[in-house]
Amino acid sequence: QVQLVESGGGLVQTGGSLRLSCAASGLTFSNYAMGWFRQAPGKEREFVAALNWNGGRTYYADSVKGRFTISRENAKNTVYLQMNSLKPEDTAVYYCAARPYVPSTATDDFGSWGQGTQVTVSS
């Protein structure tokens with residue numbers, strides 16, 4: 001039973017920063033690639049960022065590249081998403097996801113999901 005719990009969301013102004021955290025349990029964390037996805041009201045869930053087992057390979061959506069950074073701390077079973085220079089278009093529920101071994105940017109490739117954390121960026 002894999003469990004993922006996101007935290008760190010909130011309300012910020014345009015240009016501000018947030019750091020999201022995802023705490024994982026029920027898995028051997030270092031055997032999993034991790035990802036962040038987001039879903040805005042009325043829109044499809046979309047890829048944001050992903051990384052491999054040790055963070056040595058990272059992947060970003062073009063819309064967040066240069067502003068967001070994904071990282072992981074395997075000793076703490078935690079993956080992070082540092083979000084800087086936030087824009088109103090970043091407003092969404094952000095979800096943490098996990099899949100064994102092989103990284104992916106595709107929503108359907110991830111089998112384990114958290115409940116999400118709300119990020120709201122005011123103009």
Side-chain angles (χ1 to χ4, degrees):
Q1 182 74 250
V2 176
Q3 184 167 291
L4 306 174
V5 180
E6 301 96 335
S7 61
L11 173 64
V12 297
Q13 293 184 326
T14 297
S17 297
L18 285 172
R19 189 186 74 161
L20 306 184
S21 298
C22 172
S25 61
L27 76 173
T28 302
F29 188 64
S30 62
N31 287 346
Y32 282 76
M34 304 295 295
W36 287 96
F37 296 77
R38 66 188 182 186
Q39 188 167 23
K43 299 182 68 177
E44 300 292 326
R45 189 169 298 187
E46 66 175 357
F47 167 75
V48 176
L51 81 183
N52 73 338
W53 72 278
N54 67 353
R57 294 185 178 183
T58 57
Y59 310 86
Y60 296 96
D62 288 343
S63 60
V64 307
K65 191 171 296 182
R67 299 188 299 120
F68 291 11
T69 303
I70 188 170
S71 62
R72 66 194 296 163
E73 188 173 7
N74 284 353
K76 301 295 183 183
N77 281 18
T78 302
V79 62
Y80 305 97
L81 185 68
Q82 178 66 47
M83 305 186 295
N84 299 326
S85 302
L86 283 162
K87 306 173 181 179
E89 304 94 276
D90 297 318
T91 295
V93 177
Y94 283 71
Y95 297 92
C96 177
R99 65 164 297 178
Y101 301 115
V102 182
S104 177
T105 62
T107 302
D108 290 347
D109 286 345
F110 288 81
S112 300
W113 295 85
Q115 293 298 304
T117 185
Q118 177 71 47
V119 172
T120 302
V121 184
S122 63
S123 59

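Atom CG of residue D90 and atom CG of residue L18 lie 10.0 Å apart, to the nearest 0.5 angstrom. Here the straight-line distance linking atom OG of S71 with atom CE of M34 works out to 11.5 Å at 0.5 Å rounding.
The shortest distance between side-chain heavy atoms of L86 and F68 falls below 4.5 Å. Side-chain contact check for Y94 versus E6: every heavy-atom pair is 4.5 Å or farther apart. Residues M83 and V119 are in side-chain contact: their nearest non-hydrogen atoms beyond the backbone lie under 4.5 Å apart. L4 is not listed as a side-chain neighbour of Y95, based on a closest heavy-atom distance of 4.5 Å or more. Residues P103 and R57 are not in side-chain contact: their nearest non-hydrogen atoms beyond the backbone lie 4.5 Å or more apart. Here the side chains of Y60 and R67 are not in contact, with every heavy-atom distance at 4.5 Å or above. Proximity of V5 to Q115: side-chain heavy atoms (C-beta onward) are nowhere separated by under 4.5 Å. F29 is not listed as a side-chain neighbour of T78, based on a closest heavy-atom distance of 4.5 Å or more.
By the rule that hydrophobic residues join a cluster once side-chain heavy atoms approach within less than 4.5 Å of another member, L27 and V79 end up as members of one cluster. With hydrophobic clusters built from ILVMFWY side chains whose heavy atoms lie under 4.5 angstrom apart, V93 shares a cluster with F47. W113 and Y59 end up in the same hydrophobic cluster when Ile, Leu, Val, Met, Phe, Trp and Tyr side chains are linked at under 4.5 Å.
Hydrophobic cluster membership of V102, counting Ile, Leu, Val, Met, Phe, Trp and Tyr whose side-chain heavy atoms lie under 4.5 Å apart directly or via other members: Y101.
Side-chain N or O atoms of R72 include one that pairs as donor or acceptor with a backbone N or O of N52 at under 3.5 Å.
For residues 10-29, the set of pairs meeting the side-chain hydrogen bond (donor to acceptor under 3.5 Å, both in side chains) definition, not counting sequence neighbours, comprises S17-N84.
Not counting sequence neighbours, the partners of E46 by the salt bridge (Lys or Arg N to Asp or Glu O under 4.0 Å) test are R38. Shown here are the side chain to side chain donor-acceptor pair (under 3.5 Å) partners of S30, two or more places apart in sequence or in another chain: there are none. Evaluation of the salt bridge (Lys or Arg N to Asp or Glu O under 4.0 Å) rule for D108 yields no partner, not counting sequence neighbours. Listed by chain and number, the residues in a side chain to side chain donor-acceptor pair (under 3.5 Å) with Q3 amount to none (sequence neighbours excluded).
Within a 6.0 Å radius of CD in Q118, other residues, nucleotides and ligands contribute more than 12 heavy atoms.
Of all heavy-atom pairs spanning T58 and I70, the tightest one is CG2-CG2, 3.9 Å.
In this structure, the ring of F110 has its center less than 6.0 angstrom from the ring center of F37.
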Quiz item: Under the side chain to side chain contact (heavy atoms under 4.5 Å, CB included) criterion, do W36 and C96 qualify, and how do the steps go?
Solution: CA-CA 5 Å; W36 287 96; C96 177; 4.0 Å; yes
Quiz item: Between W53 and N74, does a side chain to side chain contact (heavy atoms under 4.5 Å, CB included) hold up when you go through it step by step?
Solution: CA-CA 8 Å; W53 72 278; N74 284 353; 4.3 Å; yes
